[in-house]
S.K.: 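Input: one structure, supplied below.
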Number of protein chains: 2
Amino acid sequence: MGRWQPGARGRLARAALELYAERGYEQTTVADIALRAGVTERTFFRHFADKREVLFDGSTALQAAIVGAVASAPDSMPPIEIASAAMITGSALLGDRDHARRRAAVIAANPSLRERELLKLAALGAAVAAALRERGIGEPTAALAAETGVTVFKIGFETWIADHNSGRAAPGDLAGCIRRAADRLKALAAEI
Amino acid sequence: MGRWQPGARGRLARAALELYAERGYEQTTVADIALRAGVTERTFFRHFADKREVLFDGSTALQAAIVGAVASAPDSMPPIEIASAAMITGSALLGDRDHARRRAAVIAANPSLRERELLKLAALGAAVAAALRERGIGEPTAALAAETGVTVFKIGFETWIADHNSGRAAPGDLAGCIRRAADRLKALAAEI
DNA sequence: GTCTATAGGGCGATAGAC
DNA sequence: GTCTATCGCCCTATAGAC
């Protein structure tokens, strides 16, 4: 047995979400999080760049999945369709709606956490735009399609976690919510 | 002569932009800004909530103008059109392209300033969505139209400041850039 | 792991404007 | 007199440097 237990990163992420929910983000110190996770304050900063980043651990994997889906979309698809479909593909990584809800509530309660989330979404948009350009789509088309895809993802995600039905009757799957948001947007654009 | 000169707020905002451009955001302390503006560090924090906020002093006025334009749009306009037109109306407040360029360069160079800008844009989107709901437009249509308007504003703004022509031949007006972005998006949506 | 600079909030005192 | 902007000194937590 070593001096420390493995899985410090996961314990820190879990402890942070719990504490932010229990007593609020500002009222939680990094020392509190480290204490609950059984490590030192210094260890926290070796795993996470700052106090906000600990809530966005999975974002890299999500972005990679979405970018991959953009790259492997069929050639015949129009840009906006590629972006929206990639969002739906990537959304499969976000299965646990209760966890997503708890996390979203914590983020919504604090402006500086909202800022970080928006930065992640902007980074996602930039990565999708780059992947579209890689397919030969020019600017500003690539940027517009990518931003629109992010919008559709965001609205779909919001309706997913806001959905009151948690039972089996209306499973409320994220993919369906995103697709409905995309359809709405298409209808809106058509009526101009 | 009194103990203090009036206009501390404006001097602080100007000093901050200069210093962030000269030596970088992270390399500038609030004490530096206060010194150049001829006030104390403490005074800075009475005018601005934090070190980033000093660059976004005009955002409230811009948002108010855009929300006002949404409220006074003709009844016959479709939601996305209302949002885009309101962005064009509000954009009249951003006349000085050189200043916009300098400010944008500073923001682009630093992630935490980018975060704050994204938060301002998200707040704008939320305000526009609320103004659309006020007109009887339901969700998620209001949110989608508002987000799309913000996207069009953002892309239009980027092309405006990226435009190499600063002479009279191609005046590069912001309103035109936003309108072109909106037209592009309409064309993209149509081809789905 | 220790040491330190900076952000940013709290509070009371003070000096102007009105 | 009131109201508000400024100052100065306290404090703690973050986050980077060593």
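Naming: A, B, ... by sequence-line order, numbering from 1 per chain. What you see is a predicted model, and the numbers here were worked out from it, not measured in a lab.
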S.K.: Between residues 114-121 of chain A and DNA chain D, which residues have a heavy-atom gap below 4.0 Å?
M.R.: none
S.K.: Rounded to the Å, how far apart are B:D32 CG and C:dA7 C1'?
M.R.: 13 Å
S.K.: Any chance CZ of B:R179 has more than 12 other-residue heavy atoms, nucleotides or ligands included, within less than 6.0 Å?
M.R.: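 No.
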S.K.: Around A:R9, counting heavy atoms of other residues, nucleotides and ligands shown, do more than 12 lie under 6.0 Å from its CZ?
M.R.: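 Enclosed: over 12 neighbouring heavy atoms sit under 6.0 Å from CZ of A:R9.
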S.K.: Are side-chain N/O atoms of A:R184 and B:T141 paired as donor and acceptor at under 3.5 Å?
M.R.: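 A:R184 vs B:T141: donor-acceptor pair found between side chains.
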S.K.: Whether B:T40 contacts D:dG8 is assessed here as follows: a side-chain N or O lying under 4.0 Å from the phosphate OP1 or OP2. Is that the case?
M.R.: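 False: B:T40 side-chain N/O out of range (4.0 Å or more) of D:dG8 OP1/OP2.
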S.K.: Measure from CZ on A:F48 to P on D:dT14 and round the result to the nearest Å.
M.R.: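 My rounded result for the distance is 15 Å.
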S.K.: Checking contacts here: which listed nucleotide (C:dG1, D:dT6, D:dT14) is nearest the side-chain heavy atoms of A:R46?
M.R.: C:dG1
S.K.: Between A:T151 and A:T148, do the side chains contain an N or O donor and an N or O acceptor separated by less than 3.5 Å?
M.R.: no
S.K.: CD of A:E53 versus P of D:dT14: gap in Å, rounded?
M.R.: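 Atom-to-atom, A:E53 to D:dT14, this comes out as 16 Å.
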S.K.: Roughly how many Å is it from CG in B:L113 to P in C:dA7, rounded to a whole number?
M.R.: 13 Å
S.K.: Which of parallel (below 30°), tilted (30 to 60°) and perpendicular (above 60°) describes B:F153 and B:F157?
M.R.: parallel
S.K.: Using atom names, set out every protein N or O paired with an N or O of nucleotides 15-18 of chain D below 3.5 Å, distance rounded to 0.1 Å.
M.R.:
| residue | atom | partner | partner atom | Å |
| --- | --- | --- | --- | --- |
| D:dA15 | OP2 | A:K51 | N | 3.1 |
| D:dA17 | N6 | A:R42 | NE | 3.4 |

S.K.: Verify the cluster assignment for B:V128 and B:I155: are they in a single hydrophobic cluster under the rule of side-chain heavy atoms below 4.5 Å apart?
M.R.: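 As far as the 4.5 Å side-chain criterion goes, B:I155 and B:V128 are connected within one cluster.
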S.K.: Is it true that atom CZ of A:R114 has more than 12 heavy atoms of other residues, nucleotides or ligands lying nearer than 6.0 Å?
M.R.: no
S.K.: What does B:S112 touch in the nucleic acid at a heavy-atom separation under 4.0 angstrom: a base, only the sugar-phosphate, or nothing?
M.R.: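 Nothing, no heavy atom under 4.0 Å.
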S.K.: D:dA5 C1' sits how many Å from B:R9 CZ, rounded?
M.R.: 13 Å
S.K.: Please determine whether a side-chain nitrogen of the Lys or Arg among A:D98 and A:R101 lies less than 4.0 Å from a carboxylate oxygen of the Asp or Glu.
M.R.: yes
S.K.: Can you name the nearest heavy-atom pair linking B:Q63 to B:A127, along with the distance?
M.R.: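 Nearest heavy atoms, B:Q63 then B:A127: NE2-CB, 3.3 Å.
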